[in-house]
Asks: 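One structure follows; several queries about it will come next.
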Amino acid sequence: MAAVPGHWEPLFSTQVQSEMKEYIHRLIADGEVTDPETLRIDQFCGRLTHPTSYRVSVFVPDGVPHGSA
């Protein structure tokens, strides 16, 4: 399959893993995301002064209006 040009659009960010999981389940249950492969989860590892955080993004193909993914 050829790569589709596009970009990752951040949707949600949290420092609580359970909130991130709940958000993803809600996206899928509400039908806002029909293909889980279009989701990306970034985990930013914490250090002494910065806690671990999570960011959920969705892939938006080029040509799709903002917020339509």
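From a predicted model like this one, the values you see are computed outputs, not experimental measurements. What you see below is based on every heavy atom in this structure, not just the backbone, and it leaves out hydrogens, waters and symmetry mates.
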Asks: To the nearest 0.5 Å, what is the distance between CZ (Arg40) and CD (Glu9)?
Replies: 12.0 Å

Asks: So, using side chain to side chain donor-acceptor pair (under 3.5 Å) as the criterion, who are the partners of Glu19 when residues are at least two apart?
Replies: Thr14

Asks: Distance check, rounded to the nearest 0.5 Å: Thr34 atom OG1 versus Leu27 atom CG?
Replies: 11.0 Å

Asks: Would you confirm whether Asp30, through its side chain, and Glu32, through its main-chain N or O, come within 3.5 Å as a donor-acceptor pair?
Replies: no

Asks: Locate the shortest heavy-atom distance separating Pro36 from Ile28; write the atom from each residue and the value.
Replies: CG-CD1, 4.5 Å

Asks: Using 0.5 Å steps for rounding, measure from the OG atom of Ser13 to the CZ atom of Phe44.
Replies: 7.5 Å

Asks: Can you tell me how far the CH2 atom of Trp8 sits from the CG atom of Leu39, to the nearest 0.5 Å?
Replies: 7.5 Å

Asks: Passes side-chain contact (heavy atoms from CB on, under 4.5 Å), Ile24 versus Ile41? Steps please.
Replies: CA-CA 10 Å; Ile24 291 169; Ile41 301 167; 3.4 Å; yes

Asks: If the condition is salt bridge (Lys or Arg N to Asp or Glu O under 4.0 Å), which residues does Glu22 pass it with, not counting sequence neighbours?
Replies: Arg26

Asks: Considering only distance and modelled atom types, tabulate donor-acceptor pairs under 3.5 Å from the side chains of residues 48-59, sequence neighbours left out.
Replies:
{"unit_1": "Thr52", "atom_1": "OG1", "unit_2": "Gly46", "atom_2": "N", "d": "3.0"}
{"unit_1": "Arg55", "atom_1": "NH2", "unit_2": "Asp42", "atom_2": "OD2", "d": "3.4"}

